[in-house]
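The structure appears right after this line, and notes come after that.
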Amino acid sequence: MLKVETREPEERFFEDFFEGQELPTVTKGPMMVGDQVRWAGACDNYESEFHHDEYVAKAQGLPGIILSGPLMASLLMTAVIQWTGRHGRLVRFFDQNRGSTMPRDLAYLEGRVKRAFEEGGKTFVELDCSITNQRGEVTTPGSALVELPRRGR
């Protein structure tokens, strides 16, 4: 049986981030078809059979099963939430599917603080984030804007 570990994000504040800061890389994988099937089950999204049926994938001209872009986006969004902590409020998230993630691929979730700023009395951290596979290919570039509280407030 699959054991799922849950943990609450750490407590972080605006002052904990600075422009150019590299965030800790999160490694996922090797990614497996089961990851896709569990995600599809949680979302009740089985429409694209090439995400879980190799015969269908190859019949459509794909090299095999590919994991869905929304699955990869959810992993990246989860990393953003872990990086910015439990008090962070995700204001905006964007990603693009530029490459395929295949079963047995590794996924390296990386982030960097693009900008830390105050606007209208609120403090924000803007991140560049991405997923890179074991071949060094960026499969999912993205960005996020997170509102964070100041320390001591």
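Every heavy atom of this structure was used, including side-chain atoms; hydrogens, water molecules and symmetry mates were not.
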Are P63 and M102 side-chain neighbours, meaning at least one heavy-atom pair lies under 4.5 Å?
-> yes
From T139 atom OG1 to D105 atom CG, the distance as rounded to the nearest 0.5 Å | 8.0 Å
When rounded to the nearest 0.5 Å, the distance separating CG of D128 from CD of E110 is 11.5 Å
Closest non-hydrogen atom pair between V80 and C129, with its separation | CG2-SG, 4.2 Å
Please name the pair of heavy atoms, one in G29 and one in L106, separated by the smallest distance, quoted to 0.1 Å.
-> C-CD2, 3.7 Å
Is there a chain of hydrophobic side chains (I, L, V, M, F, W, Y, each step under 4.5 Å between heavy atoms) that links W83 to F124?
-> no
For residues M72 and A107, report the shortest heavy-atom separation together with the two atoms involved.
-> CE-CB, 4.0 Å
Heavy-atom closest pair (R12 atom, L148 atom, distance to 0.1 Å) is O-CD2, 4.1 Å
If you round to the nearest 0.5 Å, how far is CG of L71 from CG of N97?
-> 10.0 Å
When rounded to the nearest 0.5 angstrom, what distance separates CE in M31 from CZ in R104?
-> 12.5 Å
Heavy-atom closest contact (V146 atom, G88 atom, distance) | CG1-CA, 3.8 Å
Verify side-chain contact (heavy atoms from CB on, under 4.5 Å) between L109 and K28, making sure each step is shown before the conclusion.
-> CA-CA 8 Å; L109 291 71; K28 297 287 184 180; 3.8 Å; yes
Polar side-chain atom of Q21 near backbone of V113 as donor-acceptor pair, under 3.5 Å | no
Begin from the C-alpha positions of L75 and T140 and carry the test side-chain contact (heavy atoms from CB on, under 4.5 Å) through to its verdict.
-> CA-CA 11 Å; L75 294 175; T140 312; over 6 Å; no
